[in-house]
Amino acid sequence: MQLTYEKLPKDPIYASISHLTVKNSKFSQWQKDKTDYYSHANLVDKALKLLKERIIRGDATAYFLRGQLYFEEGKGVNYMKQIIDSPCPKARHLQFAAAYNLGRAYYEGKGVSRSMEEAERLWLIAADNGNPKASVKAQSILGLYYSTKEPKELEKAFFWHSEACGNGSLESQGALGLMYLYGHGIPQDTEAALHCLREASERGNVYAQGNLVEYYYNMKFFTKCVAFSKRIADYDEVHDISTIAQVTDCLPEFISRGMAMAAFYHARCLQLGLGTIKDEATANQYYSKACRLDPALADELHSLLIHQRI
């Protein structure tokens with residue numbers, strides 16, 4: 001699982017700098033028709049020089065941005081460590097994001113030896129006991145971490161997803177819905193599950209949408225399942241995943257998984273004529289799309305199909 005980085009806390013004064021240093025990859029297509037002066041390497045170099053000047057002038061935010069830029073370029077672990085250990089009060093609001101990003105480095109083995117223990121330690125610092133002004137992304141990723149590690153620690157996962165959801169995390173809101181639905185780390189509560197899943201779905205959580213499709217199918221609400229699943233299954237698998245991830249701050253692999261679930265169940269309805277006119281040719285197209293989006297999930301669902309459980 002590849003994680004996304006934690007963004008700098010919002011501050012309009014530094015919006016243009018943040019855009020230049022962290023988002024410069026968006027210029028890649030434009031740069032192809034320009035001279036080497038506008039190459040990615042030169043833009044990075046210019047950003048580094050600009051940030052160095054600001055650091056000399058005592059700008060604490062520039063330390064974070066320079067470290068973030070180095071980090072995204074495959075460097076910068078030491079910068080993140082310096083920010084976390086900084087006694088400067090002006091750097092306090094940057095330390096949560098830096099701790100999350102450094103935890104990500106340890107989780108993925110970027111610039112450091114891979115260590116789940118160190119990633120967990122740093123994410124706990126970044127999460128700051130659920131502080132809404134800390135890293136909400138760290139709170140959410142702790143929920144995911146505790147629900148997927150071996151052995152699972154589902155009560156901790158529920159706690160952190162609850163904290164992150166209360167602080168606005170769309171990813172954790174969908175995760176809470178599933179924990180309530182299946183009784184993972186909390187007593188099963190279908191009403192609470194549907195409330196979380198529907199609200200997360202309305203806010204754009206595609207994984208929550210896919211799980212609602214599965215719920216509608218299992219409950220034999222086939223007309224509703226067909227109408228809802230088609231909209232999700234028809235997302236563009238090449239372009240929409242990255243766009244949705246950027247807008248919702250949800251992990252791309254879960255977006256793909258939600259789309260795959262919707263495509264598979266839509267195909268099943270078309271194959272059997274449930275809630276719609278039977279169309280095996282179109283069903284095969286949606287089955288194929290589910291396989292492309294998430295082969296492991298498609299294989300799991302196909303196994304259930306063979307055993308006549310769906």
Side-chain angles (χ1 to χ4, degrees), residues 1-10 80 83-84 92-110 114-201 203-211 245 248-255 257-258:
M1 177 179 63
Q2 186 171 359
L3 310 179
T4 55
Y5 64 83
E6 177 71 286
K7 298 176 182 178
L8 178 70
K10 291 182 180 180
M80 291 298 167
I83 293 167
I84 294 169
R92 174 62 178 167
H93 71 297
L94 306 175
Q95 290 171 332
F96 299 125
Y100 169 81
N101 288 333
L102 189 56
R104 171 196 165 201
Y106 276 102
Y107 183 85
E108 297 179 3
K110 285 187 174 181
R114 196 163 188 243
S115 171
M116 299 299 99
E117 294 76 13
E118 188 63 8
E120 178 185 2
R121 184 186 74 82
L122 286 160
W123 286 339
L124 286 169
I125 292 172
D128 195 32
N129 294 316
N131 178 1
K133 294 183 179 180
S135 172
V136 177
K137 191 184 288 289
Q139 296 162 10
S140 182
I141 212 63
L142 280 169
L144 180 59
Y145 172 74
Y146 287 124
S147 64
T148 56
K149 65 175 293 193
E150 292 296 338
K152 293 179 174 61
E153 298 183 64
L154 294 177
E155 289 186 1
K156 286 185 179 180
F158 181 81
F159 170 80
W160 283 112
H161 277 312
S162 297
E163 293 298 303
C165 179
N167 291 330
S169 171
L170 180 54
E171 187 107 70
S172 283
Q173 187 174 36
L176 277 180
L178 293 176
M179 296 189 84
Y180 275 120
L181 186 63
Y182 298 110
H184 292 164
I186 194 74
Q188 189 174 23
D189 186 335
T190 303
E191 184 178 348
L194 291 176
H195 174 77
C196 286
L197 288 173
R198 284 170 177 157
E199 190 168 299
S201 177
R203 293 174 61 201
N205 185 320
V206 178
Y207 189 46
Q209 293 169 0
N211 278 279
T248 64
D249 209 20
C250 292
L251 293 173
E253 66 185 85
F254 285 100
I255 296 171
R257 191 173 178 86

Shortest non-hydrogen contact from [X] toward [Y]:
X      : Y      : value
Ala134 : Asp128 : CB-CB, 3.6 Å
Gly174 : Ala200 : N-CB, 3.9 Å
Asn167 : Pro132 : OD1-CB, 3.2 Å
Gly204 : Leu170 : C-CD2, 4.1 Å
Gly143 : Ala157 : O-CB, 3.3 Å

Give, for atom [atom1] of [X] and atom [atom2] of [Y], the distance between the pair rounded to the nearest 0.5 Å.
X      : Y      : atom1 : atom2 : result
Lys133 : Phe96  : NZ    : CZ    : 10.0 Å
Gln173 : Arg203 : CD    : CZ    : 5.0 Å
Lys110 : Leu102 : NZ    : CG    : 13.0 Å

Indicate yes or no: at least one non-hydrogen side-chain atom of [X] is less than 4.5 angstrom from one of [Y].
X      : Y      : answer
Leu124 : Leu142 : yes
Glu117 : Arg121 : no
Tyr145 : Met116 : yes
Leu178 : His184 : no
Ser147 : Lys152 : no

Within the distance-only criterion (no hydrogens, no angle test), does the side chain of [X] pair as donor or acceptor with the backbone N or O of [Y] below 3.5 angstrom?
X      : Y      : answer
Glu171 : Leu251 : yes
Glu155 : Gly185 : no
Trp160 : Ser140 : no
Gln95  : Ile84  : yes

Check: Taking the six-membered ring of Tyr106, is NZ or CZ of Arg114 closer than 6.0 Å to its centre and within 45° of its axis?
Finding: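 Cation-pi check for Arg114 and Tyr106: fails.
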Next item on the list: Evaluate the criterion side chain to side chain contact (heavy atoms under 4.5 Å, CB included) for residue pair Val206 and Cys250; output intermediate values, then yes/no.
Entry: CA-CA 9 Å; Val206 178; Cys250 292; over 6 Å; no
Checklist line | Residue pair Phe158, Tyr180: steps toward the ring pair (Phe, Tyr, Trp, His ring centres under 6.0 Å) verdict | finding: CA-CA 9 Å; Phe158 181 81; Tyr180 275 120; 5.5 Å; yes
Margin query: Parallel, tilted or perpendicular, judged at 30° and 60°: which one describes the rings of Tyr100 and Trp123?
Written below: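 Tyr100 vs Trp123 ring planes: parallel.
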Next item on the list: Check step by step if side chain to side chain contact (heavy atoms under 4.5 Å, CB included) holds for Asn205 and Thr248.
Entry: CA-CA 7 Å; Asn205 185 320; Thr248 64; over 6 Å; no
Margin query: How about NZ on Lys149, more than 12 heavy atoms from neighbouring residues, nucleotides or ligands closer than 6.0 Å, or not?
Written below: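 Atom NZ in Lys149 is crowded, with more than 12 foreign heavy atoms closer than 6.0 Å.
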